[in-house]
Protein chains: 2
Amino acid sequence: MEQLFQYFKKFNPLSKDAENAIAEISTMVSIKKNKDLQPIGHACKTIYFINKGVARIYYFKDGIDITEGFFFENSIIARVESLFTGKPSRKAIQVLEDAEIVAIDANALFKLYNSFPEIERLFRKIFEAAYVDTVNRIEGIQFHTAEERYKALLNEAPNVLQRVPLKYVASYLGITQVSLSRIRAHH
Amino acid sequence: MEQLFQYFKKFNPLSKDAENAIAEISTMVSIKKNKDLQPIGHACKTIYFINKGVARIYYFKDGIDITEGFFFENSIIARVESLFTGKPSRKAIQVLEDAEIVAIDANALFKLYNSFPEIERLFRKIFEAAYVDTVNRIEGIQFHTAEERYKALLNEAPNVLQRVPLKYVASYLGITQVSLSRIRAHH
DNA sequence: CTAATCCTTTAACATAAGATAAATAATCAG
DNA sequence: CTGATTATTTATCTTATGTTAAAGGATTAG
């Protein structure tokens with residue numbers, strides 16, 4: 001849990017009481033490469049934090065596996081379109097390397113918001129930052145060729161290309177595996 | 001202000017005290033068609049609510065005007081990538097019809113979070129909902145042809161096509177004006 | 001009301017990316 | 001270690017979208 005509390009400090013440092021309250025509603029999960037942490041079709045009731053490993057959020061569109069995003073050590077994963085609406089998620093979370101993950105019970109967390117305003121503030125800030133990332137990502141998608149998007153990824157997150165199968169990277173970039181391969185060949 | 005408070009009720013009803021506190025840090029703005037409400041290059045210190053009119057957020061990429069989003073009556077506009085980071089925004093807000101807008105001083109609002117947890121909660125929920133919209137929008141962009149995106153817009157937000165010049169719609173859809181025209185001709 | 005400007009469409013051509021298929025290369029299970 | 005599966009690359013062809021240019025419509029300023 002210590003790693004998670006360190007992460008929290010960057011957003012909103014918590015009192016010991018608040019940390020303990022979060023520890024009580026959290027569990028450690030060890031999960032093997034390629035396994036789904038959460039399957040498609042259930043309401044998202046958990047917020048995850050990656051201590052070790054890589055994960056992706058994915059879904060199927062017309063039978064095709066599409067990666068929405070990649071997540072590395074020291075980051076939060078949640079399928080917010082379900083978490084914040086209560087609707088079942090059409091998305092799954094899959095681990096791409098053997099991983100150590102903290103699972104936080106979201107309903108219990110939302111209850112803690114009432115007794116610990118500092119926790120509500122913490123998660124407000126965490127999700128505000130995630131929101132900003134998402135807005136910036138749209139800007140990266142609009143009006144860029146596939147090659148530009150690939151180069152941007154290579155530049156901003158080279159670890160993605162080192163640790164993640166290219167077929168997942170392709171759909172993340174919004175192109176086919178074949179196109180990605182062609183772009184990489186063109187150097 | 002009444003229209004804004006009605007909007008708030010959908011997220012988190014406020015006490016009279018809280019409403020008054022927000023009223024005190026807000027001003028009404030009347031602005032003419034095609035005028036910029038906020039120019040490019042300043043840190044975003046204001047959250048807007050549209051009582052009447054249409055607006056868009058836009059920016060320039062390689063000299064080309066790109067629309068990030070459209071906003072209609074009864075919605076909040078903010079350039080969150082600046083609001084939540086404090087960095088200057090490379091984006092501007094332009095009004096596309098004569099508009100009536102409530103401008104909320106963001107720094108003053110953030111201070112109110114300390115005295116009114118209900119206000120912090122309200123805006124947490126507002127931006128969580130906006131975050132969900134943005135995540136869903138990425139899904140709409142990835143792996144859809146321009147024609148599919150156009151039809152989706154026609155279906156989900158026909159008012160955009162009725163009230164907004166097509167040249168702005170084109171960049172919003174991530175295509176050129178010429179392509180959009182061709183797609184519309186194919187019907 | 002008219003001229004000037006701006007918006008939208010149409011046309012012709014160029015190019016990036018999709019689809020399909022097949023050949024390598026890498027990984028995994030037994 | 002070996003065969004089987006899975007991932008990646010390469011090739012060929014097709015198609016959607018970009019680019020540029022020009023024409024027609026619509027809107028606006030004076």
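Within every chain, numbering begins at 1; the chains are lettered A, B, ... in the order of the sequence lines, protein sequences first and strands thereafter. Since we're looking at a predicted model, the values are computed, not measured.
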Are the charged groups of [X] and [Y] less than 4.0 angstrom apart, N to O?
X	Y	answer
B/Lys32	B/Asp98	yes
B/Lys16	B/Glu19	yes
A/Lys61	B/Glu139	yes

Do nucleotides 24-30 of chain C as a string where each nucleotide becomes B, S or -: B if the base has a protein heavy atom under 4.0 Å, S if just the sugar-phosphate does, - if no protein is that close.
-> ----S--
If you round to the nearest 0.5 Å, how far is OG of B/Ser179 from CZ of B/Arg184?
->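 Spacing of CZ (B/Arg184) from OG (B/Ser179) equals 13.5 Å.
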Bend angle of the helix from C/dC1-D/dG30 to C/dG30-D/dC1, end axes from five pairs each (to 10°) = 60°
Short heteroatom pairs, N/O only, protein and nucleotides 14-19 of chain C, under 3.5 Å:
from: C/dA17; atom 1: OP1; to: A/Ala146; atom 2: N; distance (Å): 2.5
from: C/dG18; atom 1: OP2; to: A/Thr176; atom 2: N; distance (Å): 3.3
from: C/dG18; atom 1: OP2; to: A/Thr176; atom 2: OG1; distance (Å): 3.2
from: C/dG18; atom 1: OP2; to: A/Ser179; atom 2: OG; distance (Å): 2.4
from: C/dG18; atom 1: N7; to: A/Arg182; atom 2: NH2; distance (Å): 3.0
from: C/dG18; atom 1: O6; to: A/Arg182; atom 2: NH1; distance (Å): 3.0

Ring centroid separation A/Phe110 to A/Tyr113 under 6.0 Å = yes
Answer with yes or no after comparing the ring centroid distance for B/Phe8 and B/Phe123 against a 6.0 Å cut-off, counting only values under it.
->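 Judged by ring-centre distance (under 6.0 Å), B/Phe8 and B/Phe123 do meet the cut-off.
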Path from A/Leu112 to A/Tyr7 over hydrophobic side-chain contacts below 4.5 Å =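 Same hydrophobic cluster.
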Are B/Ile25 and B/Ile76 connected in the hydrophobic side-chain network, where two residues link if heavy atoms are under 4.5 Å apart?
->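 Yes.
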Under 3.5 Å, side-chain donor or acceptor atoms of residues 127-135 of chain A against the rest of the protein: list the pairs with distances, not counting sequence neighbours.
from: A/Glu128; atom 1: OE1; to: A/Arg124; atom 2: NH1; distance (Å): 3.4
from: A/Glu128; atom 1: OE2; to: A/Arg124; atom 2: NH1; distance (Å): 3.0
from: A/Thr134; atom 1: OG1; to: A/Ala130; atom 2: O; distance (Å): 2.9

Would you mind listing the cluster partners of A/Tyr48? Hydrophobic ones only (ILVMFWY), side-chain contacts under 4.5 Å, chaining allowed.
->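 So far as hydrophobic clustering goes, A/Tyr48 is joined with A/Val29, A/Ile31, A/Leu37, A/Ile50, A/Ile57, A/Phe71, A/Ile77, A/Ile93, A/Val95, A/Ile101.
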State whether B/Arg184 places a side-chain N or O below 4.0 Å from either non-bridging phosphate oxygen (OP1 or OP2) of C/dT9.
->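 Yes, B/Arg184 has a side-chain N/O under 4.0 Å of OP1/OP2 on C/dT9.
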Please step through side-chain contact (heavy atoms from CB on, under 4.5 Å) for the pair A/Tyr168 and A/Phe70, ending with a clear verdict.
-> CA-CA 9 Å; A/Tyr168 298 145; A/Phe70 298 108; 3.9 Å; yes
When you list every nucleotide of DNA chain D with an atom under 4.0 Å from a heavy atom of chain A, which one comes first 5' to 3', and which comes last?
-> D/dA7 to D/dT12
Candidate list B/Lys91, B/Arg56, B/Lys167, test salt bridge (charged side-chain N to carboxylate O under 4.0 Å, His left out), partner B/Asp65, passing option |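 Result: among B/Lys91, B/Arg56, B/Lys167, B/Arg56 is the only option passing the salt bridge (charged side-chain N to carboxylate O under 4.0 Å, His left out) with B/Asp65.
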